[in-house]
Each structure stands twice: as C-alpha cells, then as structure tokens.
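Worksheet for the structure shown next.
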Amino acid sequence: MQTLEEVKEARQAAQEVLSGLDKAIKSLQDASGWGVMDLLGGGFFSSMMKRDHMKRSNQELEDVKRGLDKLDHELADLGLSLPDEISDTWGDNFVDVWLDNIFIDAKIQYEIKDQLKALQKLRQSIVELEEDLAAKMENLKESDSV
C-alpha cells in the first residue's frame, strides 16, 4: 500500500511533467504558426524562426523525458511514453531553409501537427493521472485522520 508521502512525490512528478509538456506544446504551436507563414512564402526568416521553435521544443522534450523517468520511478507501471522527436538535423535545417519550397514546408508542417497531437494526448493522460493521485491523497488523508 502506498503512503501519503509516496503519493505526494508521484503527484509532484506528474505536475513537473505537465509543466514541461506545456512548454513543449507552446513551442510546437509557435513552430506551427511560423510553418504556416513559411507555407505562404515567408522565406528565410520564417524558416529560421520555425526551426528555432522546433529546436526549443526538442530541448523541452528532453526535460519532459527526465520528468517521465522520475514519474515512472514513482509509479513503476505507468505505461506512458513520449512520441519521437521531430527531426532537427543539420541536413533537415539545410533543406528547409536553403532549398525552401512548398513541398518541404508542407511535409514539415504535417510533422509538427502530428507531434503536437501526440503531446496533447500524452498531456491529457498525465492530467488524468494527476487527478487520480490527488483523489488518492485525499483518501489517504481521510483514512489517516480516522
């Protein structure tokens, strides 16, 4: 049986994951906005801004991965995983920025939207888990006070 302290630690870990997911989602939403501008002929500047937000999102996902590892440690059989990173290699940047065309921009926009959906789904799962942990904490507090 879990103690109140164990549930508190798991809930805190879930809240940290949610915070990191919110940052990664915001960066992807920003990348998506710049991606639309790029699709409409934004050129070099919009490609660079889109890539900057994609890079930031990938960095924030690294923090989320560490948070999920901690949460997974707190709840051994959590069963959640992060979606794959959006490819952000030197070659991807070169093709997107210097060989800029509507087909490349559309492909990247699709990848951003796909990643965004996966992160939002993961976020919803963590929200539900955090709510369950909050209820479990209340039950443990009530049983301790009886």
List the steps and the verdict of side chain to side chain contact (heavy atoms under 4.5 Å, CB included) for Ile108 and Met54.
-> CA-CA 10 Å; Ile108 292 168; Met54 289 168 65; 4.0 Å; yes
[X] [atom1] to [Y] [atom2] distance, which is reported to the nearest 0.5 Å:
{"X": "Arg11", "Y": "Met137", "atom1": "CZ", "atom2": "CE", "result": "5.5 Å"}
{"X": "Lys136", "Y": "Glu6", "atom1": "NZ", "atom2": "CD", "result": "9.5 Å"}
{"X": "Glu142", "Y": "Glu138", "atom1": "CD", "atom2": "CD", "result": "6.5 Å"}

Are the side chain of Ser27 and the backbone N or O of Ala24 linked by a donor-acceptor pair below 3.5 Å?
-> no
Short question: side chain of Ser143, backbone of Asn139 - any donor-acceptor pair under 3.5 Å?
-> yes
Is the shortest side-chain heavy-atom distance between [X] and [Y] below 4.5 Å?
{"X": "Leu28", "Y": "Ile25", "result": "no"}
{"X": "Lys55", "Y": "Gln59", "result": "yes"}
{"X": "Leu68", "Y": "Leu122", "result": "yes"}
{"X": "Gln120", "Y": "Gln124", "result": "no"}
{"X": "Lys50", "Y": "Ile112", "result": "yes"}
{"X": "Val127", "Y": "Arg123", "result": "yes"}

May I ask you to decide whether Asp63 forms a salt bridge with Arg66, counting only side-chain N to carboxylate O separations under 4.0 Å?
-> yes
Using a strict cut-off of less than 4.0 Å between a Lys/Arg side-chain nitrogen and an Asp/Glu carboxylate oxygen, indicate whether Asp22 and Lys26 qualify as a salt bridge.
-> no
Residues sharing Leu40's hydrophobic cluster, by side-chain heavy-atom contacts under 4.5 Å among ILVMFWY, directly or via others?
-> Val36
Given side chain to side chain contact (heavy atoms under 4.5 Å, CB included), test Leu71 with Leu129 step by step and report yes or no.
-> CA-CA 11 Å; Leu71 182 56; Leu129 173 66; 3.9 Å; yes
Verify whether one side chain among Glu111 and Gln115 offers a donor that lies under 3.5 Å from an acceptor in the other.
-> no
Minimum heavy-atom separation for Gly35 to Gln109, with atom names?
-> CA-OE1, 3.2 Å
Note: Ala106 and Leu39 closest approach over all heavy atoms is N-CD2, 3.5 Å
Hey, what's the ring geometry for Phe45 with Trp34, parallel, tilted or perpendicular (30° and 60° as the breaks)?
-> perpendicular
Quickly, which of Leu21, Ile126, Leu119 forms a side-chain contact (heavy atoms from CB on, under 4.5 Å) with Val64? Name it, please.
-> Leu21
